[in-house]
Amino acid sequence: MIHKALLSICYLTACVSTALAERPQWEQDLLPEDDDWKKTEQVFRFNNGTEPESLDIHLATDSASIRLLLSLYEGLTVLDPLSLSPQPGLAASWEVSDDQKTWTFKLRAGLKWSDGSTITAKDFTYAWQRALTPATGCSYANMLFFIENAEAFFKGDLPFDKVGVKAINDQELQIKLKGPTPYLLDILSFPTFFPLNRKVDRSDVAWSKKNHISNGPFILKDWKVRARMTLIPNPHYRDREIVKLKEIHVLPLDNMNTAYQMFLKGELDWLPTIPQARFEEVQRHPDYYVAPYFGTYFIRFNVEQPPFDDVKVRQALAYGTNKKQITGEILRGGQFPVGNFCPKIPAIGYEAPAGLPYDLNKAKQLIAASKYGPGKVPMPNVSYLYNTSEAHKIVAEALTQQWKEKFGISMIAQNMEWKVFLKEMKNLNFQVCRSSWIGDYGDPSTFYDIFLSYSGNNRTGWANKEYDKLAEKASQESNTQKRLNYFKRMEVILTQEDCPILPIYRYVSQGMITEDVFGLEMNFRNLVYLKYIWLEKE
């Protein structure tokens with residue numbers, strides 16, 4: 001079960017400070033009902049599943065890193081953990097022009113970095129220039145391309161002073177957009193758009209471990225690689241009175257059985273991932289929870305490597321992979337098979353085309369028609385990359401068996417430590433690899449933009465001019481239905497025609513949390529804000 005803060009329809013009791021009582025209702029709903037929590041030691045312990053890829057806001061792309069960055073930093077906006085609606089963060093307010101292209105954000109007064117120095121609008125322009133500078137290596141750089149001239153700067157065609165972002169003064173930041181951007185307030189809560197302290201020397205790639213000056217509810221106390229990270233409250237955080245936890249211990253255990261045993265012994269308070277082999281046992285435990293998740297598990301093909309350089313082979317595997325067997329007979333955790341990449345987004349009325357159905361006869365016809373068909377080029381052996389995880393291992397085994405039996409493809413699965421896996425994937429040192437994508441904001445572009453030809457998150461070697469043009473049209477379109485139709489066409493190109501990827505299933509969020517944990521709110525994007533958590537023994 002999921003333990004949440006006790007909700008109250010009335011105002012907070014007199015024991016709560018005036019500052020807390022003046023909060024908006026959405027935030028009051030996340031607070032303790034009384035002071036009983038003070039009787040419990042506020043040390044929260046959870047398993048993050050792996051070492052974070054990076055605590056550099058411009059280099060992190062994995063969920064293990066993003067989860068921590070959301071507690072170490074804060075942007076212009078924040079999200080209500082329950083509704084996921086954008087709310088004021090560092091920005092106290094904002095104004096928008098009639099054409100929806102110019103936004104002016106006014107920062108809250110008295111904002112400080114964790115070292116006590118002042119946060120200004122220039123910290124945003126500095127950070128965004130860094131994100132858009134190719135030498136930084138920011139995989140999410142194209143996320144900023146909705147800003148006027150941002151793409152031109154990225155390509156080296158214009159200086160940064162022509163980009164549509166400027167500090168009007170220390171308290172005001174102006175953003176000029178290429179076109180109306182309905183998800184702007186949402187995306188500004190994502191780490192790529194956070195500010196950076198300008199005095200930190202980032203020439204050393206390990207700067208985030210040595211001199212981590214941040215502005216969120218917590219700061220990094222220490223990081224013992226392969227052992228534990230410790231976060232403590234940031235004394236200069238603008239909302240420090242809401243933070244209840246005194247310490248957060250973050251473990252990087254990729255062995256889910258080890259983590260599970262620690263949870264059962266009371267050594268961990270939260271498991272965001274469970275051991276797949278113990279699923280039926282875990283499912284019966286009163287601390288188990290399951291919730292929808294805005295993410296897709298899929299396979300990346302390196303289209304430059306045989307046999308995946310032939311689109312017919314990729315299409316054949318899309319038709320011929322029995323995804324229902326993987327979800328229903330092997331994983332059995334509530335995941336459901338899919339042929340499309342982008343999940344439904346009810347808030348804006350988007351539902352992607354269904355994708356290719358399971359059709360083994362069609363799949364075999366395509367293999368036969370490919371250049372690797374009978375009597376043609378011999379089908380090469382295939383190497384399948386995945387990062388160390390029990391669930392990834394059993395999916396790899398299932399695919400290996402299916403593709404051998406149905407298509408005669410001999411595949412060897414190779415597991416790698418997380419950071420090595422990411423490096424190999426980024427450098428296209430693979431033929432096929434397991435992948436996943438969790439939406440970063442509530443718009444289809446958060447899924448489709450990663451496969452633009454110039455996206456640092458593409459990692460397939462694939463490019464399609466029509467696909468890129470459709471994304472550009474969508475970024476300029478003010479008519480909602482026309483915009484969504486562009487995305488539907490992109491989905492068809494991605495998962496039915498060119499098939500550089502193979503969607504397997506839609507994620508669910510499942511884990512375990514002790515009954516002493518309150519304020520950990522589950523939402524369909526699986527964004528957890530540690531600032532609202534407290535422990536209370538009943």
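All values below were derived from every heavy atom in this structure, side-chain atoms included, with hydrogens, water molecules and symmetry-related copies excluded.
Shortest non-hydrogen contact noted between V243 and P217 is CG2-CB, 3.8 Å. In terms of heavy atoms, G339 sits closest to K323 at CA-NZ, 3.6 Å. Scanning all heavy atoms of the two residues, the minimum distance from L535 to T40 falls at O-CB, 3.6 Å. The minimum heavy-atom distance between A471 and D449, with the atom names listed, is CB-OD1, 4.2 Å. Closest of all the heavy-atom pairs between S214 and I219 is OG-CG2, 3.8 Å. W113 and H236 make their closest contact through O-CB, 3.4 Å (heavy atoms, listed as atom of the first residue, atom of the second, distance).
Counting only residues at least two apart or in different chains, salt bridge (charged side-chain N to carboxylate O under 4.0 Å, His left out) contacts with residues 246-259 comprise K221-E247.
Panel note: side chain D239, backbone I242; no donor-acceptor pair is recorded below 3.5 Å. Formation of a donor-acceptor pair under 3.5 Å by the T192 side chain with backbone atoms of H58 is not found in this model. In terms of modelled atom types and a separation under 3.5 Å, the side chain of T133 and the main chain of A135 share no donor-acceptor contact. Q335 places a side-chain N or O within donor-acceptor distance of the main-chain N or O of G333, the cut-off being under 3.5 Å. Side-chain atoms of S139 never come within 3.5 Å of backbone atoms of N457 as a donor-acceptor pair (strictly under, hydrogens ignored). Side-chain atoms of D269 do not come within 3.5 Å of backbone N or O of F46 as any donor-acceptor pair. Judged by distance alone, the side chain of E390 and the main-chain N or O of Q276 form a donor-acceptor pair under 3.5 Å. Between the side chain of Q431 and the backbone N or O of P306, at least one donor-acceptor pair lies under 3.5 Å.
For Y454 and F154, the ring centers sit 6.0 Å or farther from each other. In this structure, F190 has its ring center at least 6.0 angstrom away from the ring center of Y441. Checked against the 6.0 Å centroid criterion, the rings of H392 and Y297 qualify as a close aromatic pair. Checked against the 6.0 Å centroid threshold, Y126 and F124 do not count as a close aromatic pair.
A 4.5 Å side-chain heavy-atom check between R284 and E280 finds at least one atom pair inside the cut-off. Considering only heavy atoms from C-beta on, F146 comes within 4.5 Å of I187 through its side chain. The side-chain heavy atoms of S445 and Y183, taken from C-beta on, include a pair separated by under 4.5 Å. Between D186 and D443, the closest side-chain pair of non-hydrogen atoms is not below 4.5 Å. In this structure, R459 and C433 have side chains that are not in contact, with every pair of non-hydrogen atoms separated by 4.5 Å or more. No side-chain heavy atom of F518 sits under 4.5 Å from any side-chain heavy atom of W37. The shortest distance between side-chain heavy atoms of L79 and P86 falls below 4.5 Å. Counting heavy atoms from C-beta on, the side chains of E424 and F430 never come closer than 4.5 Å.
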Before you tell me yes or no, could you show the steps for N197 and S117 under side chain to side chain donor-acceptor pair (under 3.5 Å), namely the whole-Å CA-CA distance, both residues' side-chain angles and the distance that decides it to 0.1 Å? CA-CA 9 Å; N197 187 292; S117 59; 3.3 Å; yes
I'd like to know whether I299 forms a side chain to side chain contact (heavy atoms under 4.5 Å, CB included) with L317, so could you lay out the CA-CA distance, the side-chain angles of the two residues, the decisive distance to 0.1 Å, and finally the verdict. CA-CA 10 Å; I299 303 303; L317 296 180; over 6 Å; no
I'd like to know whether Y288 forms a side chain to side chain contact (heavy atoms under 4.5 Å, CB included) with I274, so could you lay out the CA-CA distance, the side-chain angles of the two residues, the decisive distance to 0.1 Å, and finally the verdict. CA-CA 9 Å; Y288 169 77; I274 62 173; 4.0 Å; yes
Using the rule given for side chain to side chain donor-acceptor pair (under 3.5 Å), can you reason through K531 versus S71, listing the C-alpha separation, both sets of side-chain angles and the distance that settles it, and then say yes or no? CA-CA 7 Å; K531 66 181 278 188; S71 292; over 6 Å; no
Stepwise side chain to side chain contact (heavy atoms under 4.5 Å, CB included) check, K406 with N322: CA-CA 10 Å; K406 297 173 183 177; N322 190 338; 3.6 Å; yes
Evaluate the criterion side chain to side chain contact (heavy atoms under 4.5 Å, CB included) for residue pair T446 and F294; output intermediate values, then yes/no. CA-CA 11 Å; T446 188; F294 192 47; 4.2 Å; yes
When you look at N415 and T388, which way does the side chain to side chain donor-acceptor pair (under 3.5 Å) test go after all the steps? CA-CA 5 Å; N415 76 298; T388 304; 3.1 Å; yes
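Ring pair W128/F193 is perpendicular by interplanar angle, where above 60° counts as perpendicular and below 30° as parallel. Ring-plane geometry between F194 and Y73 is classed as parallel, the angle between the planes falling under 30 degrees on a 0 to 90 degree scale with a further cut at 60.
With hydrogens and angles left out, the side-chain atoms of Q325 and Q402 include a donor and acceptor closer than 3.5 Å. Side-chain contact of Y293 with Q510: a donor-acceptor pair under 3.5 Å is absent, judged by distance alone. In the model, D222 has a side-chain atom that pairs as donor or acceptor with a side-chain atom of T230 under 3.5 Å. When only modelled atom types and interatomic distance are considered, T495 and N340 share no side-chain donor-acceptor pair under 3.5 Å. Side chains of S389 and W418: no donor on one and acceptor on the other come within 3.5 Å. For the 3.5 Å distance criterion, the side chains of Y467 and D498 fail to qualify, holding no donor opposite an acceptor. Side chain to side chain, Y260 and E281 meet the donor-acceptor criterion of an N or O pair below 3.5 Å. No side-chain N or O of R238 forms a donor-acceptor pair with one of N215 less than 3.5 Å apart.
Under the ring pair (Phe, Tyr, Trp, His ring centres under 6.0 Å) rule, F451 has a single partner from F301, F341, W437, which is F341. Of the residues L271, N47, L251, the one that meets the side chain to side chain contact (heavy atoms under 4.5 Å, CB included) test with M262 is L251.
Summarising the local packing, CZ of R226 is surrounded by 12 or fewer heavy atoms from other residues, nucleotides or ligands at distances under 6.0 Å. Atom NZ of K393 sits in a sparse spot, with 12 or fewer heavy atoms from other residues, nucleotides or ligands closer than 6.0 Å. For NZ of K426, the number of neighbouring non-hydrogen atoms (other residues, nucleotides, ligands) closer than 6.0 Å is greater than 12.
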Give every donor-acceptor pair under 3.5 Å between a side-chain atom in residues 63-70 and any protein atom, sequence neighbours left out.
from, atom 1, to, atom 2, distance (Å)
S65, OG, E53, N, 2.8
S65, OG, S54, N, 3.3
S65, OG, S54, O, 3.2
S65, OG, D62, OD1, 2.5
S65, OG, D62, OD2, 3.3
R67, NH1, N48, OD1, 2.5

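To the nearest 0.5 angstrom, R300 atom CZ is 7.5 Å from T460 atom OG1.
Not counting sequence neighbours, K423 has no partner by the side-chain hydrogen bond (donor to acceptor under 3.5 Å, both in side chains) test.
At a threshold of 4.0 Å, the pair D56-R202 does not count as salt-bridged, since none of the basic side-chain nitrogens sits closer than that to a carboxylate oxygen.
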